[in-house]
Structures are given as C-alpha cells and as structure tokens.
Amino acid sequence: GQDAFSDLQFTHVWSEGERARVRGRVTRARTDARVKRSDGSPRVFTSSLAFAIGFAREDGEWKIVREGTPVDELAGALIDEADAEGRAALLAAGPGLVNARLVDAISRRADALAQQQLYERAQQIYERSVEVARRLTDRKPLGQGVQNLANSFYFQRKFHQALPLYEGRHAIAREAMNDEGIATALTGIATIRYSTYEYNAALQMYREALAIQEKLDDQAGVATTLISVGNVLYLHGIHDEAIAAYRRAEELKRK
C-alpha cells in the first residue's frame, strides 16, 4: 500500500549530553489497492501512531539509535535505571504510559531471559514490572508480575523468598475473585511445599488447585497438576492412585 503521514505532533523531548529522546504521534493514511470501495476505488485506512525515537550525537550530527513504541521505550529506560528516584521520575514524566501494557513490555524482557534459564537476571527485571504494577488500580497485572517473580526465585532454588510471593499472589487473586490466578498461585505454593519435603501440605494444595482447574475446564492445567499429584502419591506409597493420576494426565496431554 501507499502511506501518507500528517498531523505530526511531538509530545515529549529530552536531551542530556550526547543523548536525546523524542516521543510523538502522527496520523497515517494507508491506501490499500487490494481492498476496493463500492465504486472501485482503493480503500484508505487511517490510524494514529505513537512513536519513540532515541538519538545519539556522532561526529557532530544526531543519529537515530532506537525506534519503537513509547511503552517499549519507557520499559527499556526503567530496566536500565538503577536508581529508584530516577525510575519514579521516568514514570512521572509519562503518566499516560503507566498501564498494564507497560507491565507486559517489561515482563517480556524478563521472559526472554527466563527462557534462557538466566533466572537471576530475569528476577531483577520482574522486580521492575512488579514495581510498576503496584501503581495500577487493575490488580491482574500485579498478580501476574508477582507470580513471575516468585517463579524466578523458585528456579534459583530460593524457596523461602518464592513462598511469600506465591502466597501474596494467592491473596491478590482471591481479592479479585480470579479463579485462574488462585489455581496458579496454589500450584506455586504446593510446589514449594513439595520441594521442602512437606508432602501432605503439597498434596492438599495441588488438589485444591485441581478442583478449580476442573471447574474452569482448563485441561492443560489439569494434566500438569495431575502429574504433581501423582508424584506426591508415589512418595506416599499410594501407587494405584498415583498410576491413575499419571494415566489421566497422559490422556489429557495427548489430546
């Protein structure tokens, strides 16, 4: 298609030394010849785009070094800023960007590290996402952020730091009446109990989570929790029930 841009507006400009950042909006009119109007003319789609551009001065000239959305740009700045007061100033400068999308943008950076098993580095970024989520009235991003942070501690085998976070996520989910969040938090708490050899407590919580997942018809969650239930039953020597849990988990996983 053919793009035409208009109504360019700069909303924020920062400059410090050899670095500068610009945020703004622009209207894009895209003419798409593949989509026709009733009279045969091409259809024009109009949208408003937000942008953020980073500059660096090189050899006396300003050059673009980063382009993206304002949310992603703010997420990167918050991750890079080690000082709490500096992060507070960044958030205060862009109040319209402090929302669930910002929490997601920060978490995605941590997710990429967690997938590489760089859990300590991921933990540090998840802490930033929780810091932002605590400013929101929407409790769902906070619950997910706390869960992610707890997971990062669990995979570092820092169980005593993970447990209160899972319990905190459980309280947040209960307050919001978020059944999916409650079940996820319960499996987290149960896994810590399992890892610290508290098998009776682990089994009870896995079964509580399983009941919720059954009610939600979350077959993937049910299958995974059944494996954990089977593991605890095996350790208790209740082999027939363990086999039944494993077999049902296998059936669901194959589906």
Side-chain angles (χ1 to χ4, degrees), residues 100 103-104 106-107 110-111 113-115 117-134 136 138-238 241-242 244-246 248-250 252-253:
V103 177
D104 288 342
I106 298 171
S107 297
D111 292 343
L113 294 170
Q115 288 167 5
Q117 299 183 5
L118 301 173
Y119 299 117
E120 185 174 3
R121 289 173 58 190
Q123 168 211 319
Q124 294 165 359
I125 298 177
Y126 283 133
E127 286 170 348
R128 295 282 196 275
S129 72
V130 170
E131 184 179 300
V132 174
R134 291 195 187 281
L136 308 181
D138 183 357
R139 305 289 281 174
K140 187 174 181 179
L142 176 60
Q144 187 58 58
V146 170
Q147 182 85 27
N148 289 336
L149 182 56
N151 292 344
S152 67
F153 278 117
Y154 166 76
F155 284 114
Q156 295 176 72
R157 300 191 65 77
K158 296 180 179 179
F159 301 138
H160 294 298
Q161 290 166 274
L163 180 58
L165 289 167
Y166 284 128
E167 291 172 337
R169 200 297 164 86
H170 183 246
I172 292 167
R174 284 180 62 87
E175 180 185 342
M177 295 184 288
N178 176 2
D179 285 345
E180 182 181 359
I182 292 170
T184 303
L186 284 170
T187 57
I189 297 169
T191 301
I192 295 296
R193 297 300 186 197
Y194 178 89
S195 301
T196 53
Y197 314 112
E198 301 170 68
Y199 299 128
N200 288 331
L203 183 59
Q204 177 184 342
M205 290 186 177
Y206 279 135
R207 282 176 165 163
E208 287 181 32
L210 187 62
I212 295 171
Q213 291 165 335
E214 295 270 20
K215 184 178 71 173
L216 295 173
D217 195 27
D218 176 10
Q219 295 193 11
V222 167
T224 299
T225 304
L226 279 169
I227 293 171
S228 298
V229 168
N231 291 343
V232 182
L233 291 170
Y234 164 75
L235 291 170
H236 278 311
I238 309 174
E241 290 185 32
Y246 288 139
R248 187 173 172 223
E250 179 191 10
L252 292 172
K253 292 284 188 182

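Rounding to the nearest 0.5 Å places CG of Asp111 at 10.5 Å from OG of Ser152. In this structure, OH in Tyr166 is found 9.5 Å from CD1 in Ile189, a value given to the nearest 0.5 Å. Rounding to the nearest 0.5 Å places CG of Leu233 at 10.0 Å from CG of Leu226.
With sequence neighbours left out, the salt bridge (Lys or Arg N to Asp or Glu O under 4.0 Å) criterion links Glu214 to Arg248. Residues forming a side-chain contact (heavy atoms from CB on, under 4.5 Å) with Thr191 (at least two apart in sequence, or on another chain): Tyr154, Ser195, Tyr206. Taking the ring-ring contact (aromatic ring centres under 6.0 Å, His included) definition, one finds that Tyr194 meets it with Tyr199, sequence neighbours left out. Glu250 pairs by the side-chain contact (heavy atoms from CB on, under 4.5 Å) definition with Arg254, not counting sequence neighbours. When the salt bridge (Lys or Arg N to Asp or Glu O under 4.0 Å) test is applied to Arg121, no partner is found at least two apart in sequence or on another chain. Gln219 is linked by a side-chain contact (heavy atoms from CB on, under 4.5 Å) to Asp217, Leu252, Lys255, counting only residues two or more places apart in sequence or in another chain. By the side chain to side chain donor-acceptor pair (under 3.5 Å) test, Asn178 is found to be paired with no residue, residues two or more places apart in sequence or in another chain being considered.
For Leu149 against Val130, the heavy-atom pair with the smallest separation is CD2-CG2, 4.2 Å. Minimum heavy-atom separation, Ala249 to Ile227: CB-CG1, 3.7 Å. Minimum heavy-atom separation, Ala209 to Ala183: CB-O, 3.7 Å. For the residue pair Ala100 and Pro141, the shortest heavy atom distance occurs at CB-CG, 3.7 Å. Shortest non-hydrogen contact noted between Leu136 and Val103 is CD1-CG2, 3.9 Å. Residues Lys140 and Asp138 approach most closely at N-OD1, 3.0 Å, considering heavy atoms.
Put simply, the side chain of Gln204 never gets that close to the backbone of Asn200: no donor and acceptor are under 3.5 Å apart. With Ser129 contributing its side chain and Tyr126 its backbone, the two residues share a donor-acceptor pair below 3.5 Å.
By the 4.5 Å heavy-atom criterion applied to side chains, Gln123 and Phe153 are counted as neighbours. Looking only at side-chain heavy atoms (C-beta outward), Thr224 and Gln213 stay at 4.5 Å or farther from each other.
A side-chain N or O of Gln144 and one of Asn148 form a donor-acceptor pair less than 3.5 Å apart. Judged by distance alone, the side chains of Gln147 and Thr184 never bring a donor and an acceptor atom under 3.5 Å apart.
Residue pairs satisfying the salt bridge (Lys or Arg N to Asp or Glu O under 4.0 Å) criterion with at least one member in residues 177-188, sequence neighbours excluded, are listed as follows: Asp179-Lys215. Evaluation of the salt bridge (Lys or Arg N to Asp or Glu O under 4.0 Å) test over residues 151-171, restricted to residues two or more places apart or in two chains, returns Glu167-Arg193. The salt bridge (Lys or Arg N to Asp or Glu O under 4.0 Å) contacts involving residues 124-134 comprise Arg87-Glu131, where partners must be two or more places apart or lie in separate chains. Listed by first and then second residue, the salt bridge (Lys or Arg N to Asp or Glu O under 4.0 Å) pairs involving residues 218-238 amount to none (not counting sequence neighbours). Here ring pair (Phe, Tyr, Trp, His ring centres under 6.0 Å) pairs that include residues 208-236, with residues two or more places apart or in two chains, are Tyr234-His239.
Using a 4.0 Å cut-off between charged side-chain N and carboxylate O, Glu208 and Arg174 make no salt bridge.
Around the CD atom of Glu198, the shell of radius 6.0 Å holds more than 12 heavy atoms that belong to other residues, nucleotides or ligands.
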